[in-house]
Each structure stands twice: as structure tokens, then as C-alpha cells.
Amino acid sequence: MSKRYPPEVREKAVRLALERLDEYGTPYAAAQALAPLVDVHFETLRIWIKKALAEEARPGGQAGPGLSSAEREELAKLRREVRDLKQANEILKLASAFFARELCATRRRSDREVVRDRLPRVVAAA
């Protein structure tokens with residue numbers, strides 16, 4: 001039968017297990033030994049420990065320890081969005097530089113044509 005534990009119990013149990021993980025070696029052994037002390041089923045505690053260890057080892061784990069999982073997800077989403085926007089901005093800069101060069105080249109060509117039209121034409125005498 002599933003039993004819901006309050007978040008305070010979970011935090012306390014995980015903190016205790018992580019502090020003493022070196023003594024027991026594995027999350028399984030720590031859960032076996034500490035679960036009766038915090039009145040939690042050992043398998044539940046083992047899963048909590050594994051999740052806590054996975055969150056610490058995550059590449060984006062440099063986020064503050066006070067962030068909830070929802071806040072971490074939102075932070076990751078916002079970082080992806082910023083990366084995508086920077087990439088789009090870089091593409092637009094390159095495209096604008098390309099079209100600016102094309103525009104200048106077109107203007108130079110049209111300026112030369114205007115100058116040629118203004119020059120008097122020399123007709124060779126036959």
C-alpha cells in the first residue's frame with residue numbers, strides 16, 4: 001500500500017542519508033540502516049537517495065541548492081531559449097552584413113552607369 005510522506009520527512013531522511021553515505025558505501029546499505037530511524041520504508045529511502053545523487057551529478061547542477069525541481073526545469077528551459085535566441089541573432093547579423101554588401105555593390109554599379117550616361121558620346125567620323 002502506498003504511503004505519502006511529508007516533504008519535511010523526505011528532506012530530513014535524504015539529508016541524513018547523504019551525510020552518512022560514506023559510512024555505508026552504497027545507497028542501498030544506507031537506506032537499509034537509516035530507514036527505521038526516520039520511519040520510512042527502506043526502498044522508498046533508497047529511491048530518494050538515488051534521485052538526490054542524480055540531481056547533484058547533473059551537468060546543470062551548479063544551480064543553487066534551494067531551487068525546486070520545477071524551478072530547475074524552468075531555468076533549463078530559459079537557458080535553451082536564450083541559446084536559441086543568441087543563435088538566431090547571430091544568423092540575422094550575418095544575413096544583414098551579406099545584404100548590406102550586396103546593396104553597396106548594386107549602388108556602385110548603378111552609380112557607374114549614371115556617370116557613363118552623362119559623359120558626351122564621341123561619334124567617330126566616317
[atom1]/[X] to [atom2]/[Y] distance, rounded to the nearest 0.5 angstrom?
{"X": "L16", "Y": "E11", "atom1": "CG", "atom2": "CD", "answer": "13.5 Å"}
{"X": "Y5", "Y": "R10", "atom1": "OH", "atom2": "CZ", "answer": "12.0 Å"}
{"X": "K12", "Y": "R15", "atom1": "NZ", "atom2": "CZ", "answer": "8.5 Å"}

Do V40 and F42 belong together in a cluster built from hydrophobic side chains that touch within less than 4.5 Å? no

Nearest non-hydrogen partners of [X] and [Y], listed with the distance:
{"X": "V14", "Y": "W48", "value": "CG2-CB, 3.5 Å"}
{"X": "A17", "Y": "L34", "value": "CA-CD1, 3.5 Å"}
{"X": "A31", "Y": "L45", "value": "CA-CD2, 3.8 Å"}

Tell me, which pairs form a salt bridge (charged side-chain N to carboxylate O under 4.0 Å, His left out) where one or both residues lie in residues 16-33, sequence neighbours left out? none

If a pair satisfies salt bridge (charged side-chain N to carboxylate O under 4.0 Å, His left out) and one of its residues is in residues 82-100, list it, with sequence neighbours excluded.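 Non-adjacent pairs meeting salt bridge (charged side-chain N to carboxylate O under 4.0 Å, His left out): zero.
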
K77/E74 salt bridge by N-O under 4.0 Å criterion: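 No, E74 and K77 are not salt-bridged.
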
Does the side chain of R46 reach to within under 4.5 Å of the side chain of Q32, using non-hydrogen atoms? no

Is the shortest heavy-atom distance from the side chain of I47 to the side chain of T44 under 4.5 Å? no

Checking side-chain contact (heavy atoms from CB on, under 4.5 Å) for the pair L21/L53: CA distance, chi angles, key distance, verdict? CA-CA 11 Å; L21 191 59; L53 290 172; 4.0 Å; yes

Quick check: does any side chain N or O of E71 sit under 3.5 Å from a backbone N or O of S68, one acting as donor and the other as acceptor?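 Yes, E71 side chain to S68 backbone: donor-acceptor pair under 3.5 Å.
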
Among residues at least two apart in sequence or on other chains, which ones pass ring-ring contact (aromatic ring centres under 6.0 Å, His included) with Y24?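 Listed in chain order: nothing, the list is empty.
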
